[in-house]
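First the structure, in the form of structure tokens, and then the observations on it.
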Amino acid sequence: MKAGVVLKAQGIRGEIKVRPLTDAPEDFGSVDRFAVGGREYAVERIRVDGDFVYLKLKGIDDRNAAEAMAGQEICFPDGVRPALPEGRYYIEDIVGCDAYAGDRYLGVVSDVLQYGAADIWCIDGETSLMVPLAEGVLLGVDLEGHVVRFEPVRLEEVAVRED
């Protein structure tokens with residue numbers, strides 16, 4: 001799972017500057033290893049400064065090694081991801097869920113778009129829908145059952161249909 005993008009080397013001792021792709025840069029602090037370029041690295045040091053994360057990874061000990069990582073995705077290794085607060089979900093867990101408005105089957109969540117004020121959940125079914133998660137739209141998420149439920153009246157108010 002993508003955690004961020006390595007922007008550049010920071011200093012001369014192998015530290016890298018990362019632009020996080022998580023909601024909170026502090027999420028990086030709960031993880032003790034990351035994968036870059038298909039290889040796992042243990043975290044020696046981590047610090048958050050504003051919107052950026054600075055990492056010192058074990059085995060990356062000089063500026064040249066850090067510069068070689070620039071532009072690469074940094075990922076949480078398989079099975080490792082920060083815990084989310086109640087009511088928050090990873091996109092990869094939502095995509096593929098069956099979507100219902102009350103008891104009416106709508107289709108499968110195919111994508112989640114993040115443009116600002118509210119995430120937009122794309123649903124592919126008999127009719128394609130784009131559902132902004134405005135207040136009162138989402139009734140619940142059952143990750144174990146791979147099901148999401150929307151409030152039918154509110155859904156009709158905000159959904160955009162692609163016929």
Side-chain angles (χ1 to χ4, degrees), residues 1-99 107-124 128-135 137-138 140-150 158 160:
M1 180 178 135
K2 291 184 227 174
V5 176
V6 178
L7 297 176
K8 66 177 192 161
Q10 180 70 25
I12 62 171
R13 294 197 171 98
E15 191 175 53
I16 56 174
K17 181 178 183 180
V18 176
R19 180 175 39 91
L21 298 177
T22 61
D23 287 343
E26 296 78 26
D27 290 344
F28 278 70
S30 65
V31 178
D32 64 353
R33 57 194 161 95
F34 289 96
V36 181
R39 182 171 169 207
E40 267 190 41
Y41 297 90
V43 175
E44 280 186 25
R45 223 176 28 256
I46 185 168
R47 63 186 172 93
V48 176
D49 187 8
D51 293 334
F52 299 101
V53 175
Y54 297 87
L55 290 172
K56 171 61 179 84
L57 302 174
K58 189 167 269 187
I60 306 300
D61 296 319
D62 60 36
R63 184 171 187 85
N64 291 337
E67 284 177 345
M69 293 182 155
Q72 295 186 53
E73 290 179 347
I74 185 166
C75 300
F76 297 114
D78 290 340
V80 176
R81 25 184 224 187
L84 293 175
E86 183 73 28
R88 300 295 305 261
Y89 309 97
Y90 284 104
I91 291 172
E92 65 187 25
D93 293 339
I94 296 300
V95 171
C97 285
D98 291 322
V108 175
V109 179
S110 61
D111 200 2
V112 175
L113 308 175
Q114 297 181 299
Y115 291 123
D119 289 352
I120 299 170
W121 290 14
C122 300
I123 300 170
D124 289 339
S128 293
L129 295 172
M130 294 178 73
V131 182
L133 287 194
E135 188 174 330
V137 175
L138 185 65
V141 175
D142 175 5
L143 292 179
E144 287 183 21
H146 301 289
V147 172
V148 297
R149 293 195 184 278
F150 298 101
V158 299
V160 175

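Only a predicted model underlies this, so the values are computations on that prediction, with no experimental measurement involved.
Val147 places none of its side-chain heavy atoms less than 4.5 Å from the side chain of Cys97. The closest side-chain heavy-atom distance from Trp121 to Leu138 is below 4.5 Å. Contact of the Leu133 side chain with the Phe150 side chain is registered, since non-hydrogen atoms from C-beta on lie closer than 4.5 Å. For the pair Phe28/Val18, a side-chain contact is recorded, criterion being any heavy-atom separation below 4.5 Å from C-beta on. Residues Val131 and Ile123 are in side-chain contact: their nearest non-hydrogen atoms beyond the backbone lie under 4.5 Å apart. Proximity of Lys56 to Asp61: side-chain heavy atoms (C-beta onward) are separated by under 4.5 Å at one or more points.
Remark: Glu67 engages Arg63 in a side-chain hydrogen bond (donor to acceptor under 3.5 Å, both in side chains) (not counting sequence neighbours). Take Lys58 and apply the salt bridge (charged side-chain N to carboxylate O under 4.0 Å, His left out) test, not counting sequence neighbours, and it matches no residue. Under the salt bridge (charged side-chain N to carboxylate O under 4.0 Å, His left out) criterion, Asp124 pairs with no residue at all, not counting sequence neighbours. With sequence neighbours excluded, no residue forms a side-chain hydrogen bond (donor to acceptor under 3.5 Å, both in side chains) with Arg19. Take Tyr89 and apply the side chain to side chain contact (heavy atoms under 4.5 Å, CB included) test, not counting sequence neighbours, and it matches Ile94, Val141, Leu143. Under the salt bridge (charged side-chain N to carboxylate O under 4.0 Å, His left out) criterion, Glu92 pairs with Arg81, sequence neighbours left out. When the side-chain hydrogen bond (donor to acceptor under 3.5 Å, both in side chains) test is applied to Arg13, no partner is found at least two apart in sequence or on another chain. Listed by chain and number, the residues in a side chain to side chain contact (heavy atoms under 4.5 Å, CB included) with Ala65 are Ile60, Asp62 (sequence neighbours excluded).
Atom CG of residue Leu7 and atom CD1 of residue Ile74 lie 10.5 Å apart, to the nearest 0.5 angstrom. Expressed to the nearest 0.5 Å, how far CD of Glu73 lies from NZ of Lys2 amounts to 4.5 Å. With values rounded to the nearest 0.5 angstrom, Lys8 atom NZ is found 12.5 Å from Ile16 atom CD1.
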Distance-only check: which donor-acceptor pairs under 3.5 Å involve side-chain atoms of residues 111-120, not counting sequence neighbours?
none

Just distance, no hydrogens or angles: give the donor-acceptor pairs under 3.5 Å from side chains in residues 29-40, sequence neighbours left out.
residue : atom : partner : partner atom : Å
Ser30   : OG   : Asp27   : O            : 2.9
Arg33   : NH1  : Glu40   : OE1          : 2.9
Arg33   : NH1  : Glu40   : OE2          : 3.4

Please output the side-chain donor-acceptor pairs of residues 47-55 that fall under 3.5 Å, not counting sequence neighbours, one pair per line with the distance.
residue : atom : partner : partner atom : Å
Arg47   : NE   : Glu15   : OE2          : 3.3
Arg47   : NH2  : Glu15   : OE1          : 3.1

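Residue pairs meeting the salt bridge (charged side-chain N to carboxylate O under 4.0 Å, His left out) criterion with at least one partner in residues 140-149, sequence neighbours excluded, do not occur; the list is empty.
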* Asked: Can Val108 and Asp98 be said to form a side-chain contact (heavy atoms from CB on, under 4.5 Å), step by step?
  -> CA-CA 5 Å; Val108 175; Asp98 291 322; 3.7 Å; yes
